[in-house]
Undergrad: 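Let me give you the structure first, and then I'll get to my questions.
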Amino acid sequence: MRVFSATLATETNTFAPLPTGLAAFRDRGYFPAGEHPDEPQLFTGPLWAARLRAKALGLTLVEGMVASAMPAGITTRAAHEALRTELLDDLRAAMPVDIVLLGLHGAMVADGCDDCEGDLLARVREIVGPDVVIGAELDPHTHLTDAMVRHADLLLAFREYPHTDAIERGIELVDLCVATARREIRPVAAVFDCETIRVVRTPVEPARGFVDRCHALEGHDGIVSISAIHGFPWGDVADLGTKLIVYADGDAAIARSTADRLGTELRALCDATRTRGLSLDQAIDEAIASPAFPVVIADGADNAGGGAPSDATFMLRRLVERAIDRAIIGPLWDPIAVALVFDAGEGAMLPLRIGGKIGPVSGAPLDAVVKVVALRRDAAMTGLSGTREPMGDAALVAIGGVEVVLNSRRTQGFSTDMFTQFGVDLAQRRVVVTKSSQHFFESFSKVAARVIYADGPGTLTGDLTTLPYVKARRAVVESF
């Protein structure tokens, strides 16, 4: 059985000031056909899973282009069209194939195309015809569209947020696509629209129980697969919203009834978790009042993983102005500041202008005299599903009792080794701030006495009613 795999993925914050061009894909994760390295990447779960399952399933693999970019603003027309063309040309060269496996995000928006994934799947279907099985793995922060469902045989989203199951879900996708190609199953889809939008944190109740119940249903009583689609609140598109997709084996009625039942439950879960984070000062107040340390604060409004610049100074400024002792924050993206402190060297004291370089969503730069504590060339931290997350050249600097990790390659704060690689003992810190919305949780929750979600100013503001939506359904936005 001949299998083609490829990846084209990014998450688009349509309100973010940074465009997503070809350089963003080449910087983050671009590999021409056949050149994917011998280690998994976040959005190459299907490709990697096919490698793992090839011998057991008797698969002949043809690997096409892989391209993924750090979330940011709208993808440029040139980047979208060039990468789409490359992937489709790779597919044409691989023909004939029995299965197409795609690593997608689901919330990619380009200049001139609001539904990049639906557009790509339609073009793939046109090339391969009606009988070839097309499967795609998605991030749950997807804008699930009719075109995506219509042109794919199977769409499976990560179950977990943080996304710790990319490889496992990729393996499930491969196995189900092979079973479909062998005519052992005939997946039929049904979608439930919750007509709301919510951030669903799966490690905690009530989401934990819901995810586990859905998983337990798969493979029984005709249910092939279930995916909860959280949606991505910061994408202004017509299909914005939380949804649920169910695949049943050849039975549309079972798919429909299961989607309606679980979708109604998911909508109730969304309504029950309609909460807002604390303001920056409220978060700091609760952190320093805690009897146990460290307290981890998630600065989600400046999360690069949702398209924010990650150079906002709002939280850093409050920590410095309030003279919070034994506090640490990162990663703050500032390649210029990083270059300056590398020139100064470890142990140096120097005046430094930090952050606030992209625009109003980043706040004003912070001017301070800093001490260069530690430097690391080509630094990295542990990313999702055990992947390596590059940080570029990175530095730890101190402003009084507040330490800051500055990085030259924009990313969010995934794991504690963002700090510990600089010799930081987090047990000795009172306040630990990571610029992340939820992906930090798997790592940081292991050391935190408490986790606090802050809702400060920035690109990923929690008050969606303040954002200038034009295309999204108003009822969905106002339900957040």
Undergrad: Could you tell me whether R159 and E168 make a salt bridge, using a distance below 4.0 angstrom between a side-chain N and a carboxylate O?
TA: no
Undergrad: Any carboxylate oxygen within less than 4.0 angstrom of a Lys/Arg side-chain nitrogen, looking at D378 and R388?
TA: yes
Undergrad: Could you grab the distance from atom CG of D417 to atom CE of M391, nearest 0.5 Å is fine?
TA: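 Here the rounded value is 8.5 Å.
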Undergrad: Any side-chain donor paired with an acceptor under 3.5 Å for S479 and T196?
TA: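 On atom types as modelled, these side chains qualify, holding a pair under 3.5 Å.
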Undergrad: With a 3.5 Å distance limit and no angle check, can you tell me whether S415 reaches the backbone of T382 through a side-chain donor-acceptor pair?
TA: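 The answer is yes, because a donor-acceptor pair under 3.5 Å joins these two groups.
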Undergrad: For T461 and G458, indicate whether the former's side chain and the latter's backbone hold a donor-acceptor pair under 3.5 Å.
TA: no
Undergrad: What's the spacing between E184 CD and L176 CG if we round to 0.5 Å?
TA: 10.5 Å
Undergrad: Given 3.5 Å as the limit, does a donor-acceptor pair link the side chain of Y161 with the main chain of D139, or not?
TA: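 Flag not set: sc Y161 to bb D139 has no pair under 3.5 Å.
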Undergrad: For Q412 and N303, indicate whether the former's side chain and the latter's backbone hold a donor-acceptor pair under 3.5 Å.
TA: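 Such a contact is absent between Q412 side chain and N303 backbone.
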Undergrad: What distance do L269 atom CG and F210 atom CZ have between them, rounded to the nearest 0.5 Å?
TA: 7.0 Å
Undergrad: Whether R125 and D153 form a salt bridge (side-chain N of Lys/Arg under 4.0 Å from carboxylate O of Asp/Glu) is what I want to check.
TA: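 Result for this pair is yes, salt bridge flagged.
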Undergrad: For the pair R2 and D98, find out whether any cationic side-chain nitrogen is under 4.0 Å from an anionic carboxylate oxygen.
TA: no
Undergrad: Got a donor-acceptor contact below 3.5 angstrom from the R201 side chain to the A207 backbone?
TA: no
Undergrad: Look at the aromatic rings of H141 and H230 and report parallel, tilted or perpendicular, splitting at 30° and 60°.
TA: perpendicular
Undergrad: Is the shortest side-chain N to carboxylate O distance from R208 to E160 below 4.0 Å?
TA: yes
Undergrad: Which value, rounded to the nearest 0.5 Å, describes the distance between L102 atom CG and T44 atom OG1?
TA: 12.5 Å
Undergrad: Are L101 and C177 side-chain neighbours, meaning at least one heavy-atom pair lies under 4.5 Å?
TA: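 Yes. Closest side-chain heavy atoms under 4.5 Å.
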Undergrad: For the CG atom on D425, are there more than 12 heavy atoms of other groups (residues, nucleotides or ligands in this structure) within a distance under 6.0 Å?
TA: yes
Undergrad: Side-chain donor-acceptor pair under 3.5 Å between T145 and D239, yes or no?
TA: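 Their side chains do not contain a donor-acceptor pair, so the 3.5 Å distance test is not met.
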Undergrad: In this structure, are over 12 heavy atoms from other groups packed under 6.0 Å from K446 atom NZ?
TA: yes
Undergrad: Please round to the nearest 0.5 Å and tell me the distance separating atom CZ of F232 and atom CD1 of I197.
TA: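 Here the interatomic distance stands at 9.5 Å.
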Undergrad: What I want to find out is whether E218 reaches R169 closely enough, with some N-O distance under 4.0 Å, to be called a salt bridge.
TA: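 Counted as a salt bridge, because a side-chain N and a carboxylate O are separated by less than 4.0 Å.
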Undergrad: With a 6.0 Å cut-off (strictly less than), is the heavy-atom count around CZ of R213, excluding the residue itself, greater than 12?
TA: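 Atom CZ in R213 is packed in, count exceeds 12.
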Undergrad: Using a strict cut-off of less than 4.0 Å between a Lys/Arg side-chain nitrogen and an Asp/Glu carboxylate oxygen, indicate whether E126 and R123 qualify as a salt bridge.
TA: no
Undergrad: Would the distance check show the side chain of E39 and the main-chain N or O of T387 forming a donor-acceptor pair, the cut-off being under 3.5 Å?
TA: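 Not confirmed, E39 side chain does not pair with T387 backbone.
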Undergrad: Using modelled atom types only, decide if a donor and an acceptor are shared between the side chain of T459 and the backbone of A308 within a distance under 3.5 Å.
TA: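 No, T459 side chain to A308 backbone: no donor-acceptor pair under 3.5 Å.
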Undergrad: We want to know whether T164 and E442 form a side-chain donor-acceptor pair, criterion being a heavy-atom distance below 3.5 angstrom.
TA: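 Checked: T164/E442 side chains show no N/O donor-acceptor pair below 3.5 Å.
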Undergrad: So, taking the atom named CG in D193 and the one named CD1 in I229, what distance separates them when rounded to the nearest 0.5 Å?
TA: 11.5 Å
Undergrad: Donor-acceptor pair, R473 side chain versus L240 backbone, under 3.5 Å?
TA: yes
Undergrad: Carefully, step by step, assess E389 and R28 under the rule salt bridge (Lys or Arg N to Asp or Glu O under 4.0 Å).
TA: CA-CA 9 Å; E389 182 64 26; R28 170 73 168 176; 2.5 Å; yes
Undergrad: Counting C-beta onward and ignoring hydrogens, is there a side-chain heavy-atom pair between D111 and H80 closer than 4.5 Å?
TA: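 No. Closest side-chain heavy atoms not under 4.5 Å.
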Undergrad: Between M148 and T142, is any pair of side-chain heavy atoms under 4.5 Å apart?
TA: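 A side-chain contact under 4.5 Å exists here.
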Undergrad: Does D146 have more than 12 heavy atoms from other residues, nucleotides or ligands lying within 6.0 Å of its CG?
TA: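 No, not enclosed.
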Undergrad: Compare all side-chain heavy atoms of F192 with those of L262 and state whether any distance is below 4.5 angstrom.
TA: no
Undergrad: So which atom in A72 and which in P19 form the shortest heavy-atom distance, rounded to 0.1 Å?
TA: CB-O, 4.5 Å
